[in-house]
Number of protein chains: 2
Amino acid sequence: MSTERPPATSYDTRQRILDAASEIFAKEGFARATVRDICQRAGANIAAVNYHFGDKEKLYGEVLLHTYQAMVERHPVAGGVRPEATVDERFAGFVRAFCRRVYSAGPEAYLSWLMAREMVEPSPVLDQVVNTLVRPQQQHLVAILKEMLGPNVPDEVLRSTMGCVIGQILFFHHCRPVVERLFPDRQGRNPDPDRLAEVIVTFSLPGLRAVRAKYARGGEGR
Amino acid sequence: MSTERPPATSYDTRQRILDAASEIFAKEGFARATVRDICQRAGANIAAVNYHFGDKEKLYGEVLLHTYQAMVERHPVAGGVRPEATVDERFAGFVRAFCRRVYSAGPEAYLSWLMAREMVEPSPVLDQVVNTLVRPQQQHLVAILKEMLGPNVPDEVLRSTMGCVIGQILFFHHCRPVVERLFPDRQGRNPDPDRLAEVIVTFSLPGLRAVRAKYARGGEGR
DNA sequence: GATTGTTTCAAACGTCTGTTTTAATCAATA
DNA sequence: TATTGATTAAAACAGACGTTTGAAACAATC
């Protein structure tokens, strides 16, 4: 339409490369993914990556940022629960949204795979991803947890508790190869996000109350 | 001493390569680790890997199996708690032993790194590792959980609960790059295994009782 | 229609990797 | 001491990879 942005054809190749790259990076990882594969799937020439993105690493950076951004918009952190709801409900909303992110299927699952790989082979963009995209999520959860655990809980316990919650959510994703081999009958099937979220909430709420009770001093314990 | 085993020198190179390889595979991953680096660190010739192990992949397989085996012997699954102890104590022992395995330092940490990489890029030996080394650990935990959750709990819930427990333990290991960037003051420091285990037990016991209560029918509910 | 700047293309470059080769070295046997 | 088999060593091989090159194709401007 306007003359300010690059013409349609070039934008298309750029976008096609981004799409192909997000799939191949997610499935193969940065090292095993080849620019030849990416360009072939995108129907572009090998030189296109260097022309449009500079090099393989910058392409990867753009893929990771875009994919994470899209996922945050697709599954907002509150999980559809209004801020006026009870803490327990907001907690359940957070867990449900997170589970839906992690246990999606198809192209929506690419982010989970990319991030899992980042945990083992961090790339230069991870700093930016954490600071601009992960931190808001973490702050949302910590705010909820602070409300649930009371004002006296030390920061270290708050962090551990946060780890307990997120760890439960991520387990079946991060340990999938082991789970698949332990239970071959379940092979290839993702856990149902909402049912998993329900189990995690059932499991966590009493634990959170126990932690609160442990640190409730000064007339807080009922 | 005896003439039956290979002479000392050759055994030494073989062992030196194994040691060097476990470090480099753990730190760099299978793909980024080069046989040149491994042989240089082992003080051996490049051809030694192929001579003693066949190829890079077989060397890796032996490294993973040996490392896992050593860790199982170093931190037995019961965590020093006797079988006559209460379920809660045995549960705490399991969690503590697992935490100590995952959050060791130095060469003892190699297994955690190797396994974390396996979760993202499974190798052919993973089948054997899971079946011969992981499964006994899992069965030990499941036996404890069955005792804690009662007979009526469905297998799927049992599995989810197991995931909740292991997920909590693994979080700070599997998500270390994110945790480091969220809390730069904690950078480089592993969580203290025993304190983390304590938090996880405190957090989990009430959750486990809640799950038990949920599935306690037929005169079980008090 | 000529010109300019952008985008595509095929081919090649240079590097790094796992592996193989072939000869040298070593230890033990006869 | 001569011989045999196992081990080490240096060098080269063959393939894959990210990147670059230089020309061709294209679109927009004058």
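A, B, ... follow the sequence lines: proteins, then strands. Residue 1 opens every chain.
With B:Glu118 contributing its side chain and B:Ser123 its backbone, the two residues share a donor-acceptor pair below 3.5 Å. Between the A:Gln168 side chain and the A:Cys164 main chain, a donor and an acceptor come within less than 3.5 Å of each other.
Around the CZ atom of B:Arg135, the shell of radius 6.0 Å holds more than 12 heavy atoms that belong to other residues, nucleotides or ligands.
Separating the CD1 atom of B:Ile46 from the P atom of C:dT22 is a distance of 17 Å, rounded to the nearest angstrom. As rounded to whole Å, 16 Å separates atom C1' of C:dT15 from atom CZ of B:Arg32. The separation between A:Gln15 atom CD and C:dT7 atom P is 15 Å, rounded to whole Å. Atom CZ of A:Phe30 and atom P of D:dC17 are 13 Å apart (whole Å). For A:Gln40 and C:dT8, the CD to P distance is 17 Å, given to the nearest whole Å. A straight line from CD1 of A:Ile38 to C1' of D:dT19 spans 14 Å, rounded to a whole angstrom. Between B:Asp37 atom CG and C:dT17 atom P there is a gap of 7 Å when expressed in whole angstrom units. At whole-Å resolution of the value, CG in B:Asp12 and P in D:dT7 are 12 Å apart.
Among the heavy atoms of the strands, none lies under 4.0 Å from B:Ala31. Counting any heavy atom pair closer than 4.0 Å across all strands shown, B:Ala47 reaches a base atom.
Of the listed nucleotides (D:dT19, C:dG18, D:dA10), D:dA10 has the atom at the smallest distance from the side chain of B:Asn45. Among the nucleotides D:dT8, C:dT19, D:dG18, the one closest to the side chain of B:Tyr51 is D:dT8. Of the candidate nucleotides D:dT19, C:dG18, C:dA10, D:dT19 has the atom lying nearest to any side-chain atom of A:Val35. Comparing C:dT20, D:dT19, C:dT17 by their closest approach to the side chain of B:Arg36 singles out C:dT17. Comparing D:dG18, D:dT19, C:dT7 against the side chain of A:Thr13 picks out C:dT7 as the nearest. When distances are taken from the side chain of B:Asn50 to each of D:dA6, D:dC17, C:dT19, the shortest belongs to C:dT19.
In this structure, B:Ser22 and B:His66 have side chains that are not in contact, with every pair of non-hydrogen atoms separated by 4.5 Å or more.
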Using the salt bridge (Lys or Arg N to Asp or Glu O under 4.0 Å) rule, take B:Glu121 and B:Arg117 through it: C-alpha gap first, then chi angles, then the decisive distance, then the call.
CA-CA 6 Å; B:Glu121 210 121 20; B:Arg117 295 182 185 281; over 6 Å; no
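Taking only side-chain nitrogens and oxygens, B:His52 never comes nearer than 4.0 Å to OP1 or OP2 of D:dA6.
Closest-nucleotide positions on DNA chain D for A:Thr34 and A:Gly54 were compared, and the one nearer the 5' end corresponds to A:Thr34.
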